[in-house]
Colleague: 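Okay, handing you the structure first.
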Amino acid sequence: MAIKYELIKVCKQSGARLGRVHTPHGSFDTPAFMPVGTQATVKTVSPEELKAMDAGIILSNTYHLFLRPGHKLIERAGGLHRFMNWDRAILTDSGGFQVFSLSAMRKIKEEGVEFRSHLNGDRLFLSPELATEIQNALGSDIMMAFDECPPYPADYDYVKQSVERTSRWAERCLKAHARPDDQGLFAIVQGGMYEDLRRQSAADLTSLDFPGYAIGGLSVGEPKDVMYEVLDYTVPLLPADKPRYLMGVGSPDALIEGSIRGIDMFDCVLPTRIARNGTCMTSRGRLVVRNARYAEDFGPLDPACDCYTCRNYSRAYIRHLIKADETFGIRLTTIHNLHFLLKLMQDVRQAIMEDRLLDFRDRFFAEYGLFDNDKGF
RNA sequence: GGAGGGCUAGCGAAGUGGCCAAACGCGGCAGACUGUAAAUCUGCUCCCAGUCGGGUUCGGUGGUUCGAAUCCAUCGCCCUCCA
């Protein structure tokens, strides 16, 4: 087995899990946040910078690399790790999310999904077998099963057939998987906001014994309390000896709430995307550094932060760079936001170790508020 | 001295009798962003009210007209060419 989960400790106060996931490219501690590098790069930052901020695993994307530059090319380059000069763990998403995000230009069939390339309109076809073959060629440490991520809201009958198809597809991925000793294949539990469908999905997939399980189809527009409710009844359906991965979640409050509910892995484009759009995560809430109020603010983004950006640059300077379209500006905000989340997860792990994650959450929220609130300090 | 062209909202630039408070771009202000079609997208950007609505504009002034950024006269300023 390529992927092993080691449970280190359960927080007595919250039930959260402290653990370690072992991969062919090193281990990472959980709960963990995984930066997203869709096109074989975490936008604007180098592998060295990612390591400096303690990223142990990053994401990449099957659909995007299949289109460009092509998985065969990456295979010839010696695999994705070598191609992008990243020697720690890589998780590749299967393209299932693109079934959701590119819904206007694809058609779902039992065999797979027909896409029109978002780059040039080419007709493409992605199936469980092809998504698996591509990920085998890329050589990621963790591969994801090709799933269908239904939108929110979606009616019960639709989600039910989607769950059943996702289960059939997961089984096909498992069969097609050519390198189980080198790469772990995770299945994705769907079921929308319907408890019995989540139960059905989890039962289907856990019977196939994957080395890890993801929860998909959340953070697609539903209210946060709905997402937490789904987690409350879905996480307990997953085996305790395997990592549990909540896909697409990355606001600071949700990382803490997810950890409390027993999630081990998270990924999200939020920190990197909002960074490029001039918004920063700070210990005191969201800070839109491009706002005029920071034009002459010569202090750091977050006084409580010790990242490269906060140690060396002011809000006024970063605002100037972003307003002037200088790429260094979005590099600085990206570095800060990633550091912020990675550090947050370190703090979460420490709190689990000391059985005080609920206390930590309360203190964090008192300072931070919810992600939506800009305290604008 | 002569001939021609021009002056429109913070900037650039359309508009050449009514559908014009005036396209579009830039700049400015704000918002959104959650397994990345995103260094993107959306809204606002003369003044007051801020839902309706009201007021003052298209170099200045004076005309023509039911009606003028648009036509006429005149003044000012800018640019090009010839002397």
Side-chain angles (χ1 to χ4, degrees), chain A residues 33-45 57-65 67-68 91-106 115-122 124 131 140 142-150 152 186-190 214-224 227 245-255 257-258 263 265-281 286 288 290-295 318-319 321-334 337 341 370-372 374 376:
Chain A
F33 176 76
M34 308 182 281
V36 178
T38 302
Q39 307 203 71
T41 175
V42 177
K43 294 182 193 299
T44 79
V45 297
I57 174 169
I58 60 175
L59 250 70
S60 206
N61 186 280
T62 297
Y63 168 85
H64 289 275
L65 295 179
L67 253 66
R68 185 172 60 187
L91 181 152
T92 43
D93 187 28
S94 60
F97 186 71
Q98 278 61 46
V99 177
F100 165 80
S101 66
L102 300 176
S103 61
M105 38 183 114
R106 72 10 180 201
F115 285 93
R116 302 303 298 246
S117 159
H118 70 280
L119 297 173
N120 59 14
D122 278 1
L124 307 161
S140 51
I142 298 175
M143 308 166 29
M144 298 307 297
F146 188 62
D147 66 327
E148 186 206 345
C149 177
Y152 175 85
F186 283 23
I188 303 171
V189 173
Q190 291 289 353
I215 299 174
L218 290 179
S219 207
V220 287
E222 79 283 4
K224 254 174 195 168
M227 176 173 87
Y245 162 27
L246 176 55
M247 305 185 79
V249 166
S251 68
D253 46 333
L255 293 181
E257 294 291 355
I263 298 295
M265 299 160 62
F266 305 85
D267 81 285
C268 196
V269 306
L270 191 66
T272 45
R273 178 179 292 171
I274 68 175
R276 276 176 273 120
N277 296 329
T279 299
C280 299
M281 296 170 170
R286 173 200 295 241
V288 184
R290 86 182 130 70
N291 283 178
R293 62 198 300 189
Y294 304 116
I318 294 164
R319 172 180 139 89
L321 293 179
I322 287 175
K323 303 276 314 173
D325 267 324
E326 287 291 346
T327 58
F328 191 46
I330 61 176
R331 266 175 48 68
L332 290 175
T333 51
T334 299
N337 280 354
L341 288 190
L370 292 178
F371 179 66
D372 320 296
D374 181 359

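This is a predicted model, so every value here is computed, not measured. Per chain, numbering begins at 1; letters A, B, ... match sequence-line order.
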Colleague: Taking only the P atom of each, what is the distance from B:U61 to B:G15 in whole angstrom?
Modeller: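 It works out to 25 Å between them.
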
Colleague: For A:D267 and B:U34, give me the distance from atom CG to atom C1', rounded to whole Å.
Modeller: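 My rounded result for the distance is 9 Å.
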
Colleague: Rounded to whole angstroms, how far apart are CG on A:L67 and P on B:U36?
Modeller: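 After rounding, the reported distance stands at 14 Å.
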
Colleague: Tell which nucleotide pairs with B:A13, taking only Watson-Crick or G-U wobble pairs whose two distances are both under 3.5 angstrom.
Modeller: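 Matched B:A13 with nothing under the 3.5 Å cut-off.
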
Colleague: Any luck finding a side-chain donor-acceptor pair between A:N277 and A:T279 under 3.5 Å?
Modeller: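 No, no side-chain donor-acceptor pair sits under 3.5 Å.
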
Colleague: Of the non-hydrogen atoms in A:V220 and A:Y152, which two are nearest, and what is the gap between them?
Modeller: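 It is CG2-CB, 3.6 Å.
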
Colleague: Hey, which of these two, A:D93 or A:K323, hits RNA chain B nearer its 5' end, going by closest nucleotide?
Modeller: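 With A:D93 and A:K323 compared, the 5'-side residue is A:K323.
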
Colleague: Between B:G76 and B:U65, how far apart are the P atoms? Round to whole Å, please.
Modeller: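 Result for the P pair: 27 Å, nearest Å.
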
Colleague: Separation of A:Y294 atom OH from B:C29 atom C1', in whole Å?
Modeller: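 Going from A:Y294 (OH) to B:C29 (C1'), I get 15 Å.
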
Colleague: Expressed as a whole number of Å, how far does the C1' atom of B:C46 sit from that of B:A69?
Modeller: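 B:C46 and B:A69 have their C1' atoms separated by 15 Å.
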
Colleague: Between the protein and nucleotides 37-41 of chain B, list every N/O to N/O distance that falls short of 3.5 Å.
Modeller:
{"residue": "B:A37", "atom": "OP2", "partner": "A:Q98", "partner atom": "NE2", "Å": "3.4"}
{"residue": "B:A37", "atom": "OP2", "partner": "A:S101", "partner atom": "OG", "Å": "2.5"}
{"residue": "B:A37", "atom": "O5'", "partner": "A:H64", "partner atom": "NE2", "Å": "3.2"}
{"residue": "B:A38", "atom": "O2'", "partner": "A:R276", "partner atom": "NH1", "Å": "3.1"}
{"residue": "B:A38", "atom": "N7", "partner": "A:R273", "partner atom": "NH1", "Å": "3.3"}
{"residue": "B:A38", "atom": "N7", "partner": "A:R273", "partner atom": "NH2", "Å": "3.0"}
{"residue": "B:A39", "atom": "OP2", "partner": "A:R276", "partner atom": "NH1", "Å": "2.2"}
{"residue": "B:U40", "atom": "N3", "partner": "A:N277", "partner atom": "OD1", "Å": "3.3"}
{"residue": "B:U40", "atom": "O4", "partner": "A:N277", "partner atom": "OD1", "Å": "3.0"}

Colleague: Closest to the A:R286 side chain: B:C29, B:C33, B:G35?
Modeller: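 Side chain of A:R286 sits closest to B:C33.
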
Colleague: Could you tell me which non-hydrogen atom of A:N337 sits nearest to which non-hydrogen atom of A:P271, and how far apart they are?
Modeller: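 Taking A:N337 first and A:P271 second, the nearest heavy atoms are ND2-O, 3.0 Å.
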
Colleague: Within the structure, does a side-chain N or O atom of A:T38 lie under 4.0 Å from either OP1 or OP2 of B:U36?
Modeller: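 Indeed, a polar side-chain atom of A:T38 lies that close.
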
Colleague: Expressed as a whole number of Å, how far does the C1' atom of B:G2 sit from that of B:C19?
Modeller: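 Roughly 44 Å separates the two C1' atoms.
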
Colleague: Just verifying a value: how many Å separate A:I274 CD1 and A:C268 SG, rounded to the nearest 0.5 Å?
Modeller: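 Interatomic distance, A:I274 CD1 to A:C268 SG, rounded to 0.5 Å: 9.0 Å.
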
Colleague: Which heavy-atom pair separates A:T334 from A:R276 by the least distance, and what is that distance?
Modeller: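 Reported closest heavy-atom pair: OG1-CG, 4.4 Å.
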
Colleague: Scan A:G37 against the nucleic acid and name what it touches under 4.0 Å (heavy atoms): base, sugar-phosphate only, or nothing.
Modeller: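 Nothing: the residue A:G37, judged by heavy atoms under 4.0 Å, touches no strand.
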
Colleague: What distance, rounded to whole Å, do you find between the two C1' atoms, one in B:U57 and one in B:U70?
Modeller: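 My reading of the C1' atoms in B:U57 and B:U70 gives 14 Å.
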
Colleague: Report yes if a side-chain nitrogen or oxygen of A:N291 is closer than 4.0 Å to either non-bridging phosphate oxygen (OP1 or OP2) of B:A30; otherwise report no.
Modeller: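 So the side chain of A:N291 is within the cut-off, an N or O lying under 4.0 Å from OP1 or OP2 of B:A30.
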
Colleague: Only counting residues at least two apart or in another chain, list the ones meeting side-chain contact (heavy atoms from CB on, under 4.5 Å) with A:R290.
Modeller: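 Testing A:R290 for side-chain contact (heavy atoms from CB on, under 4.5 Å), a comparison that skips the adjacent residues, returns A:V288, A:I322.
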
Colleague: Touch check for A:T334, heavy atoms < 4.0 angstrom, all strands: base, sugar-phosphate only, or nothing?
Modeller: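 Nothing: the residue A:T334, judged by heavy atoms under 4.0 Å, touches no strand.
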
Colleague: May I have the distance from A:L270 (atom CG) to B:U34 (atom P), rounded to whole angstrom?
Modeller: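 Distance check: A:L270 CG to B:U34 P gives 7 Å.
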
Colleague: Using the P atom on both, measure B:A68 against B:U56 and round to a whole Å.
Modeller: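 Each nucleotide's P atom is 13 Å from the other's.
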
Colleague: For the pair A:D267 (side chain) and A:V36 (backbone), establish whether a donor and an acceptor sit closer than 3.5 Å, ignoring hydrogens and angles.
Modeller: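 The answer is no, because no donor-acceptor pair under 3.5 Å joins these two groups.
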
Colleague: Which of these nucleotides, B:G35, B:C29, B:U34, is closest to any side-chain atom of A:A292?
Modeller: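 Shortest atom-to-atom distance from the side chain points to B:C29.
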
Colleague: Without placing hydrogens or testing angles, list every side-chain donor-acceptor pair under 3.5 Å for residues 91-99 of chain A, not counting sequence neighbours.
Modeller:
{"residue": "A:T92", "atom": "OG1", "partner": "A:Q135", "partner atom": "OE1", "Å": "2.7"}
{"residue": "A:T92", "atom": "OG1", "partner": "A:S140", "partner atom": "OG", "Å": "2.6"}
{"residue": "A:S94", "atom": "OG", "partner": "A:G96", "partner atom": "N", "Å": "3.1"}
{"residue": "A:S94", "atom": "OG", "partner": "A:A145", "partner atom": "O", "Å": "3.0"}
{"residue": "A:Q98", "atom": "OE1", "partner": "A:N61", "partner atom": "ND2", "Å": "3.1"}

Colleague: When rounded to the nearest Å, what value does the distance between C1' atoms of B:A14 and B:C66 take?
Modeller: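 Rounded to whole Å, the distance is 28 Å.
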
Colleague: Could you identify the nucleotide paired to B:A69, looking across every strand shown and requiring Watson-Crick or G-U wobble geometry with both distances under 3.5 Å?
Modeller: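 With both distances under 3.5 Å required, B:A69 matches none.
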
Colleague: Take the protein atom CE of A:M34 and the nucleotide atom P of B:U34, then report the distance between them rounded to whole Å.
Modeller: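 Rounded to the whole Å, the gap is 17 Å.
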
Colleague: Taking the C1' atom of each, how far is B:U36 from B:G25, in whole Å?
Modeller: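 These two C1' atoms come out 29 Å apart once rounded.
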
Colleague: When the distance from CG of A:L255 to C1' of B:G35 is rounded to whole Å, what number comes out?
Modeller: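 One finds 14 Å between C1' of B:G35 and CG of A:L255, rounded.
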
Colleague: Across all strands shown, which nucleotide pairs with B:C19 by Watson-Crick or G-U wobble geometry, both distances under 3.5 Å?
Modeller: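 Pair assignment: B:C19 / none.
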
Colleague: Which nucleotide, if any, forms a Watson-Crick or G-U wobble pair with B:U56, using both distances under 3.5 Å?
Modeller: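 B:U56 is paired with nothing.
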
Colleague: For residues A:A254 and A:M227, report the shortest heavy-atom separation together with the two atoms involved.
Modeller: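 Scanning both residues, the minimum pair turns out to be CB-CE, 4.0 Å.
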
Colleague: With no angle test and no hydrogens, is the base of B:G35 tied to the side chain of A:D147 by a donor-acceptor pair under 3.5 Å?
Modeller: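 Answer yes: a donor N or O sits under 3.5 Å from an acceptor.
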
Colleague: Quickly work out the A:I274 CD1 to B:A30 P distance and round it to whole Å.
Modeller: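 After rounding, the reported distance stands at 17 Å.
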
Colleague: Angle class for the A:Y63/A:F115 ring planes (parallel below 30°, perpendicular above 60°, tilted otherwise)?
Modeller: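 Taking A:F115 first and then A:Y63, their aromatic rings sit tilted (interplane angle of 30° to 60°).
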
Colleague: Hunt down the Watson-Crick or G-U wobble partner of B:G4, both distances under 3.5 Å, from any strand shown, or write none.
Modeller: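 B:G4 is paired, partner B:C79.
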
Colleague: Check every strand shown and say whether A:I322 touches a base, only sugar-phosphate, or nothing at a heavy-atom separation below 4.0 Å.
Modeller: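 Since no nucleic acid heavy atom lies under 4.0 Å of A:I322, the category is nothing.
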
Colleague: With a 3.5 Å limit on both atom pairs, tell me what B:G43 is paired to, counting Watson-Crick and G-U wobble, or say none.
Modeller: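 Because both required distances fall under 3.5 Å, B:G43 counts as paired with B:C29.
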
Colleague: I need the CD1-P distance between A:I263 and B:G35, as an integer number of Å.
Modeller: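 Atom CD1 in A:I263 sits about 15 Å away from atom P in B:G35.
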
